[in-house]
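Below: one structure, written as C-alpha cells.
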Amino acid sequence: CEGGVVAYGDLDRSVRKKCGDPLKIASRQGHGPIWIYHEAQANFMYYLEFRNRKLQRIVSSPCDVDDPACYELQ
C-alpha cells in the first residue's frame with residue numbers, strides 16, 4: 001500500500017490507514033469481512049480477509065478493476 005506494508009495480524013484500522021478505503025468490502029459464508037483493493041500499475045486485485053479485526057489472509061490476482069468477476073468471491 002502507498003502508506004506502508006501490511007502484514008498478518010495488523011488491525012483493520014492500521015490497514016485502512018496504510019491502504020486507504022477499500023473498493024469494496026465483501027463477505028463470504030464462514031469468513032470474516034474481505035476488503036478488496038486494486039493496484040493499478042500492476043493491474044492486480046488484492047483480497048484482505050479479517051477475523052476479529054485482524055488481517056488473517058492476503059490473496060492477489062491479476063484482474064481489471066472494471067471486470068465484475070473480480071468482485072465475486074468463490
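The salt bridge (charged side-chain N to carboxylate O under 4.0 Å, His left out) check on Asp66 picks up nothing, with sequence neighbours excluded. Evaluation of the salt bridge (charged side-chain N to carboxylate O under 4.0 Å, His left out) rule for Lys18 yields Asp10 as partners, not counting sequence neighbours.
One hydrophobic cluster, built from ILVMFWY side chains closer than 4.5 Å, cannot hold both Tyr47 and Leu11; they sit in different ones. Tracing side-chain contacts under 4.5 Å through hydrophobic residues (I, L, V, M, F, W, Y), one never reaches Val5 starting from Tyr8; they form parts of separate clusters.
Two residues are said to be in side-chain contact when any heavy atoms from C-beta on lie closer than 4.5 Å; Glu49 and Arg28 fail this criterion. Counting only heavy atoms from C-beta outward, the side chains of Ile36 and Tyr71 approach each other to under 4.5 Å. Using a 4.5 Å heavy-atom cutoff, the side chains of Asp67 and Met45 are not in contact. The closest side-chain heavy-atom distance from Cys1 to Glu39 is not below 4.5 Å. No side-chain heavy atom of Ile34 sits less than 4.5 Å from a side-chain heavy atom of Leu48. Between Tyr37 and Val15 there is a side-chain heavy-atom pair separated by less than 4.5 Å. Counting only heavy atoms from C-beta outward, the side chains of Leu55 and Trp35 never approach each other to under 4.5 Å.
Residues Arg16 and Pro22 share a closest heavy-atom pair of NH1-CD, 3.7 Å.
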Problem - Val6 vs Ser14, side-chain contact (heavy atoms from CB on, under 4.5 Å): CA-CA, chis, key distance, verdict - result: CA-CA 8 Å; Val6 297; Ser14 175; over 6 Å; no
Exercise for the section: Tell me, with the steps shown, if Arg51 and His31 meet side-chain contact (heavy atoms from CB on, under 4.5 Å). Expected result: CA-CA 8 Å; Arg51 289 205 183 124; His31 295 269; 3.5 Å; yes
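Within the model, atoms SG of Cys19 and CG of Asp12 stand 12.0 Å from one another, a figure rounded to the nearest 0.5 Å.
Between the side chains of Asp64 and His38, no donor N or O sits under 3.5 Å from an acceptor N or O.
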